[in-house]
There are 2 protein chains.
Amino acid sequence: MEKGNFKDRPNATRLALSIGKVNSDIDIDTVQQFLNFQYSYREMQRQYDAVLAKYHLTESRFVILMFLYEAPHQQLLPLQLAEKLGATRATVSKLLRGLVDQGRVNKQPSPTDKRATLIGLTAEGERVLLSFLPHNFDAVQTLFGGLSSNELTTLSHLLAKIQNGTQTLEQEMEK
Amino acid sequence: MEKGNFKDRPNATRLALSIGKVNSDIDIDTVQQFLNFQYSYREMQRQYDAVLAKYHLTESRFVILMFLYEAPHQQLLPLQLAEKLGATRATVSKLLRGLVDQGRVNKQPSPTDKRATLIGLTAEGERVLLSFLPHNFDAVQTLFGGLSSNELTTLSHLLAKIQNGTQTLEQEMEK
DNA sequence: ATAATTTAATTAGCCGGCTAACTATATTAC
DNA sequence: GTAATATAGTTAGCCGGCTAATTAAATTAT
């Protein structure tokens, strides 16, 4: 579930005040679009999460079902799921417990490694996934369908710049 | 702290497969840019959170300090903070406990309403806030400084379209 | 004036992130 | 062959979201 979102976003005047107070020479519009980016994502995600919730899914659980569905024998190790998800094994452990409780996934010991557990998609898991998928694409279409092909291209350029900024910030932090 | 992020994003072929399987006629690029948008935000936020963490702050706590700093007498009610933050009072209650423990905020009973508690910024809270602010703007500059003035304008147009999509989805859900 | 309702804040309990610590098994080094 | 190390998974405990329930006080209705 997604976090809340400021209802009180500073206007240019208030921002200018804060910026002036600390003698930063950052451009006000830069800050405002940073805030706008956060805001837009969070509102979008909140709504997308609401769609998922209607089908008793969360995004992470949905994505796990997708990974399993596409995997050979529809089976993966928790470790592999964690890598694909970009989450820790601890987090995946929790998510899997939930999915097992929902009967969408099962666990069985690996025949080759006694430490490992094979996670498999159940028939119920596949049913839920396949019945949800069309609604997922509908939601994405509603969210992003307003952008033309050209606009999608432009968006991807702008996102690439933000990703560059992110990488730069990451490098600056390492120092 | 921000959630993880898929490391395994489907390529066009895999997406086309999933889409075809459920007979959706959504455009593949639409889905990919939706995923790209999520990915870009999450990586950005993860890094921004890391900056905040360096100063023993989280975004929510930082924003609360800002709201208090700008408030008359640097005081607000939990209820007002919840509204500005766009979070529930329960969440604010938790955040305030943490801020009180850090000595950045104090509580005192409202003189006019015995149910209410006035939250005030302490000297320490103000010190932390003002010493962090320049680093905050530096981080935002690093993240978004790569976008020109024109690009920021374009971004805001595209975000507006996503916000429209979000609103449409919200309306569709109500029905 | 009192009863009913609304409101402010907190608490309990769930979720999904995280790190750190632990157990059990595999692997590597010697 | 055994000791040291690395790896798979889980658990405990923290954080910040949430909803629902609770308490106390204020307000409104009658």
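Labels below follow one simple rule: chain letters A, B, ... track the order of the sequence lines, proteins then strands, and each chain is numbered from 1.
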Heavy atoms under 4.0 Å, any strand shown: does B:Thr88 hit a base, just sugar-phosphate, or nothing?
-> base

Side chains of B:Leu35 and A:Val140 in contact at under 4.5 Å (non-hydrogen atoms) | no

If you check every side-chain atom of B:Ala90, which of C:dT11, D:dT10, C:dC18 has the closest atom?
-> C:dT11

Do B:Gln33 and B:Asp27 pass the side-chain hydrogen bond (donor to acceptor under 3.5 Å, both in side chains) test, and can you show the C-alpha distance, the side-chain angles, and the key distance before you say yes or no?
-> CA-CA 10 Å; B:Gln33 292 314 317; B:Asp27 170 45; over 6 Å; no

Looking only at side-chain N and O atoms, does B:Ser60 come under 4.0 Å of OP1 or OP2 in D:dG16?
-> no

With a 3.5 Å cut-off and no angle check, do the side chains of A:Thr91 and A:Thr88 form a donor-acceptor pair?
-> yes

If the plane angle is over 60° it's perpendicular, under 30° parallel, otherwise tilted; pick one for A:Tyr41 and B:Phe37.
-> tilted

Sorted by chain and residue number, the ring pair (Phe, Tyr, Trp, His ring centres under 6.0 Å) partners of B:His56 (sequence neighbours excluded) come out as none

Should the ring pair A:Phe34 and B:Phe144 be called parallel, tilted or perpendicular, given that the plane angle runs from 0 to 90° and is split at 30 and 60?
-> perpendicular

Using residues 125-132 of chain B as the side-chain source, report each donor-acceptor pair under 3.5 Å to any protein atom, sequence neighbours left out, with the distance given to one decimal.
unit_1, atom_1, unit_2, atom_2, d
B:Arg127, NE, B:Glu124, OE1, 3.0
B:Arg127, NH2, B:Glu124, OE2, 3.1
B:Ser131, OG, B:Arg127, O, 3.3
B:Ser131, OG, B:Val128, O, 3.1

Mind checking whether A:Leu17 and B:Leu68 sit in one hydrophobic cluster, side chains of I, L, V, M, F, W, Y counted as touching below 4.5 Å?
-> no

Taking DNA chain C as the partner, which of residues 69-81 of chain B come within under 4.0 angstrom of it by heavy atom?
-> B:Leu77, B:Pro78, B:Leu79

Looking at residues 95-114 of chain B, who's got a heavy atom less than 4.0 Å off DNA chain D?
-> B:Leu95, B:Asp113, B:Lys114

Net bend of the helix from C:dA1-D:dT30 to C:dC30-D:dG1, end axes of five pairs each, nearest 10 degrees | 0°

Given C:dG17, D:dG16, D:dA8, the nucleotide with the shortest approach to the side chain of A:Arg115 = D:dA8

Between A:Arg9 and A:Gln38, is a side-chain hydrogen bond (donor to acceptor under 3.5 Å, both in side chains) present by the stated rule, with each step listed?
-> CA-CA 11 Å; A:Arg9 287 189 290 168; A:Gln38 289 184 310; over 6 Å; no

N/O donor-acceptor pairs under 3.5 Å from side chains in residues 72-80 of chain A, not counting sequence neighbours:
unit_1, atom_1, unit_2, atom_2, d
A:Gln75, NE2, A:Gln108, OE1, 3.4
A:Gln80, OE1, A:Leu77, N, 2.8

Hey, does the side chain of A:Ser93 come within less than 4.0 Å of D:dT10's phosphate (OP1/OP2), counting only N and O?
-> yes

Does A:Thr58 make a side-chain N or O approach to OP1 or OP2 of C:dG16 shorter than 4.0 Å?
-> yes

